[in-house]
2 protein chains.
Amino acid sequence: MTELEQYINSYFGISKEDLGKITNLFKQEVLQKEDFFAREGEYCNKLSFVKSGYLRVYAFKEGKDITQWISGPGYFLTDLQSLVFDQQARWNIQCLSDCELYTISKENYRQIGKHVEKWDHLEKLFLAKCFLTLEDRVFSFLSMTAEERYDHLYVQNKELFNIIPLHNLASMLGMTPETLSRIRKKKVS
Amino acid sequence: MTELEQYINSYFGISKEDLGKITNLFKQEVLQKEDFFAREGEYCNKLSFVKSGYLRVYAFKEGKDITQWISGPGYFLTDLQSLVFDQQARWNIQCLSDCELYTISKENYRQIGKHVEKWDHLEKLFLAKCFLTLEDRVFSFLSMTAEERYDHLYVQNKELFNIIPLHNLASMLGMTPETLSRIRKKKVS
DNA sequence: CACTTGTCTTGACATAGATCAAGAAGTGAA
DNA sequence: TTCACTTCTTGATCTATGTCAAGACAAGTG
């Protein structure tokens with residue numbers, strides 16, 4: 001089984017037959033560092049699973065580049081507004097490193113439901129999970145200090161701090177690079 | 001048509017027949033000010049549509065009461081983790097005023113898919129929309145000041161500021177009541 | 001009615017975190 | 001190697017926002 005099959009299987013728990021039907025629709029795709037997976041205002045007509053590498057989801061606000069999220073191995077990746085509602089993408093998604101993806105086109109993605117009985121239901125559960133994750137994230141901004149948000153991310157994803165430029169992590173955590181640097185310094189001592 | 005039918009129809013755009021099948025499963029429910037719709041740690045086995053009144057979604061963090069969201073007429077209301085994943089509720093949901101709801105039990109909610117062909121698909125779209133809304137909200141914390149967040153909410157939901165205790169709105173916006181009060185003062189002058 | 005309780009505002013002050021500016025260290029290209 | 005560029009850190013300073021404390025109202029209750 002590829003990582004994709006393992007992941008989909010572990011997450012959605014479906015039959016080997018259905019699993020094949022789905023994963024066959026994904027094609028391997030390779031992107032280089034700096035390449036764009038999606039661009040704000042254009043259309044993102046694909047859904048990908050990250051096999052390796054990291055991608056940064058961001059948008060500009062008054063000229064400033066704000067990182068919304070960083071996606072790495074084991075994550076699904078798309079601009080949801082484009083994929084689901086056929087509208088312009090809200091996000092720039094760009095590779096922070098060379099990346100290997102398993103990618104399905106929007107057209108094929110929309111066919112899955114016709115091949116696999118319970119797909120819409122499973123996808124609904126998946127989206128519900130994503131919603132809960134974002135709810136937590138909102139709550140973190142309502143209830144935590146910059147340092148607490150740092151701790152939270154550090155405990156969960158230590159490895160990011162060795163791989164991802166720190167100013168991107170700072171942005172994603174809602175603080176400046178200087179603040180992140182000072183928090184890190186404090187942790188060492 | 002009841003508000004519920006109008007809403008579901010406008011949002012999901014389904015046949016009059018299916019519409020009836022669904023809305024028949026909802027029962028009217030009346031709650032009084034201060035009543036709890038859901039409690040953190042318990043199980044919330046229902047999904048409701050708010051006909052009238054306002055409810056506050058909140059949780060405690062280190063003894064402090066943090067408002068995550070306020071739900072009013074035209075919103076659906078539930079603790080998603082309970083409804084979808086049969087786990088303990090993450091949120092307290094309490095009436096800020098007397099409320100009229102249309103409520104469906106979890107059991108009946110789960111039957112909808114069996115009665116209405118495309119239900120899972122429609123619900124998926126609905127959840128995707130919710131996800132996009134939360135994404136915006138996260139972005140607002142990454143990119144906006146307290147005052148900008150206030151402006152944003154004020155433009156979209158002026159009426160809340162006459163109905164909802166301001167300290168709850170402040171909490172939901174991620175600021176203290178004092179800060180909200182000062183921002184408001186500034187706006188008058 | 002008086003009394004309690006909750007809401008909202010205001011002022012004085014404290015502080016987390018932002019901004020600005022500079023420099024150190026690493027990386028890649030020529 | 002040197003130069004340009006990026007990342008990260010550090011110090012000095014500024015400011016938005018938080019904290020604490022008090023008072024003004026308004027609303028509800030016995």
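Both backbone and side-chain heavy atoms feed into the values below; hydrogens, waters and symmetry mates do not. So that the names make sense, note that chain A is the first sequence line, chain B the second, and so on, each numbered from 1.
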For the student: nearest non-hydrogen atoms of A:Ala89 and A:Arg39, plus distance: CB-O, 3.5 Å
Least distance between heavy atoms, A:Ile112 atom then A:Ile104 atom: CD1-CD1, 3.8 Å
Sugar-phosphate, base or nothing in reach of A:Arg182, heavy atoms under 4.0 Å: base
Nearest-nucleotide pick for A:Arg184, side chain only, options being D:dG11, C:dG11, D:dT9: D:dT9
Basic-acidic side-chain contact under 4.0 Å: B:Lys118, A:Asp120: no
Heavy-atom protein contacts under 4.0 Å, nucleotides 25-30 of chain D, coded B base, S sugar-phosphate only, - none: ------
Rounded distance in Å - NZ (B:Lys186) to C1' (D:dA16): 9 Å
B:Lys185 NZ to D:dA24 P, straight-line distance once rounded to whole Å: 15 Å
Pair B:Glu135 + A:Arg137: basic N to acidic O under 4.0 Å: no
Exam field: side chain B:Gln81 to backbone B:Gln88, donor-acceptor pair closer than 3.5 Å: yes
d(CZ, A:Phe161; C1', D:dT7) in whole Å: 15 Å
Separation of D:dT7 C1' from A:Leu180 CG (nearest whole Å): 12 Å
Short side-chain to backbone donor-acceptor contact, B:Ser82 and B:Tyr43, under 3.5 Å: no
Heavy-atom donor-acceptor pair, B:Asn9 side chain to B:Glu5 backbone, under 3.5 Å: no
Interatomic distance, B:Ser48 atom OG to B:Leu55 atom CG [nearest 0.5 angstrom]: 8.5 Å
B:Thr179 side chain near D:dT17 phosphate (N/O to OP1/OP2, under 4.0 Å): no
Side-chain (B:Asp98) to main-chain (B:Lys33) donor-acceptor, under 3.5 angstrom: yes
Every protein N/O within reach of nucleotides 28-30 of chain C N/O, cut-off under 3.5 Å:
none

Within residues 149-185 of chain A or reaching into it, pairs that qualify as ring-ring contact (aromatic ring centres under 6.0 Å, His included) - sequence neighbours excluded: A:Tyr150-A:Tyr154, A:Tyr150-A:Phe161, A:Tyr154-A:Phe161
Minimum heavy-atom distance between A:Cys95 and A:Leu31, given as atom pair plus value: SG-CB, 3.5 Å
Whether B:Phe76 and B:Phe49 hold their rings parallel, tilted or perpendicular, with breakpoints at 30° and 60°: perpendicular
Within 45° cone of B:Phe37 ring axis and under 6.0 Å: B:Lys46 NZ or CZ: yes
A:Trp119 side chain near A:Ile22 side chain, heavy-atom distance below 4.5 Å: yes
Parallel, tilted or perpendicular, as decided by the 30° and 60° cut-offs, for the rings of A:Phe12 and A:Phe126: tilted
Inter-axis angle, terminal five-pair segments of the helix from C:dC1-D:dG30 to C:dA30-D:dT1 [nearest 10°]: 40°
Nucleic acid contacts - residues 137-158 of chain B versus DNA chain C, non-hydrogen atoms under 4.0 Å: none
Residues A:Lys51 and A:Glu29 bridged, charged N to O under 4.0 Å: no
Positions of residues 162-178 of chain B (non-hydrogen atom under 4.0 Å from DNA chain D), listed by number: B:Gly174, B:Met175, B:Thr176, B:Glu178
